[in-house]
Amino acid sequence: MKVTPFLMFEGRAEEAMALYCETVPGSSVLDVTRYGAGEDGPEGTVKLARASIGGQEVMIFNSPVHHAFTFTPSFSFFVDCSSDQEQDRIIDVLSKDGSFLMPTGNYGFSQRFAWLNDRFGVSWQINLP
């Protein structure tokens, strides 16, 4: 048995996957399947992909159908950073055009922690242990 997080986007899967793989150390695209001629999605765009985000395999889907729902902060990626600089860089990149749920600060359980939704609505908890 294998359990894999599955992120569903509506047309922005490739953009999100590229951002995550460029931003989180140890990340890479594992494989990509694109929509072909006559399929529901725009030809040549990402249909389904797998990426390793900081070592965690994630499936990324581009839905051609508009849904009445999106991401929720009740699911988030929790990232432990190795330095202040790494944490600042990741927060800066992922928060651009997004929003903070908890801005960077000392919250008692962590000396330096931030929780944000990125521009795609995916939630990230960025911690410096």
Side-chain angles (χ1 to χ4, degrees):
M1 175 191 276
K2 181 178 180 181
V3 177
T4 306
F6 186 95
L7 301 177
M8 183 177 68
F9 297 88
E10 293 180 12
R12 299 182 74 188
E14 190 153 20
E15 181 185 353
M17 182 172 56
L19 178 71
Y20 303 157
C21 289
E22 292 166 3
T23 304
V24 179
S27 300
S28 63
V29 175
L30 301 174
D31 59 62
V32 176
T33 303
R34 297 184 179 280
Y35 283 105
E39 291 188 292
D40 290 339
E43 185 175 357
T45 63
V46 169
K47 180 178 187 177
L48 182 65
R50 285 183 320 118
S52 174
I53 301 174
Q56 172 64 56
E57 186 176 316
V58 178
M59 293 177 70
I60 298 168
F61 177 64
N62 226 2
S63 175
V65 176
H66 175 70
H67 298 276
F69 55 86
T70 185
F71 299 106
T72 170
S74 65
F75 173 87
S76 60
F77 287 105
F78 193 98
V79 180
D80 277 326
C81 297
S82 58
S83 69
D84 290 354
Q85 297 79 16
E86 180 179 70
Q87 185 188 37
D88 288 341
R89 182 186 61 76
I90 291 171
I91 290 169
D92 288 345
V93 171
L94 293 178
S95 67
K96 185 174 189 264
D97 299 324
S99 61
F100 281 95
L101 301 169
M102 297 171 73
T104 306
N106 179 341
Y107 292 96
F109 60 85
S110 173
Q111 295 296 306
R112 201 155 191 269
F113 175 85
W115 193 349
L116 60 95
N117 289 333
D118 67 25
R119 69 187 79 163
F120 309 104
V122 175
S123 187
W124 297 82
Q125 297 185 61
I126 314 297
N127 185 50
L128 185 63

| field | Gap separating the CZ atom of F9 from the CZ atom of F71, nearest 0.5 angstrom | value |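 Rounded to the nearest 0.5 Å, the CZ-CZ separation comes to 4.0 Å.
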| SG-CD1 distance between C81 and I91, expressed to the nearest 0.5 angstrom | 6.5 Å
Over all heavy atoms of both residues, which pair between [X] and [Y] is shortest? Give the atoms and the distance, please.
X	Y	value
C21	S28	SG-C, 3.6 Å
F69	E10	O-OE2, 4.4 Å
R119	K96	NE-O, 3.6 Å
F61	A13	O-CB, 4.0 Å
M17	V32	CE-CG2, 4.0 Å
W115	P73	CZ2-O, 3.5 Å

| task | Return the orientation label for the F120 and Y20 ring planes: parallel under 30°, perpendicular over 60°, tilted otherwise. | result |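 Perpendicular.
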| said: Quick one, R50 with M59, criterion side chain to side chain contact (heavy atoms under 4.5 Å, CB included). Give me CA distance, side-chain angles, the key distance, then yes/no. | reply: CA-CA 5 Å; R50 285 183 320 118; M59 293 177 70; 4.2 Å; yes
| Intermediate values then yes/no, side chain to side chain contact (heavy atoms under 4.5 Å, CB included), V24 and W124 | CA-CA 11 Å; V24 179; W124 297 82; 4.1 Å; yes
I'd like to know if the side chain of [X] and the backbone of [Y] have a donor-acceptor N/O pair within less than 3.5 Å.
X	Y	result
S27	G54	yes
N62	G11	yes
D80	P129	no
E15	R12	no

Can you find a pair of side-chain heavy atoms, one from [X] and one from [Y], that are under 4.5 Å apart?
X	Y	answer
F100	S95	yes
F77	I126	no
N127	Y107	no

| query | Any chain of hydrophobic side-chain contacts (each under 4.5 Å) joining F6 to L19? | reply |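 Not linked; separate clusters.
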| query | Honestly curious: do V122 and M8 fall in one hydrophobic cluster under the side-chain, below-4.5 Å linking rule? | reply |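 No; tracing contacts between hydrophobic side chains, which count when under 4.5 Å, never links both residues.
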| query | How far apart are the C-alpha atoms of R112 and D84, what are their side-chain angles, what is the distance that settles it, and do they pass the side chain to side chain contact (heavy atoms under 4.5 Å, CB included) test? | reply | CA-CA 9 Å; R112 201 155 191 269; D84 290 354; 3.9 Å; yes
| request: Test side chain to side chain contact (heavy atoms under 4.5 Å, CB included) on T23 and R89 and set out the steps. | output: CA-CA 8 Å; T23 304; R89 182 186 61 76; 4.1 Å; yes
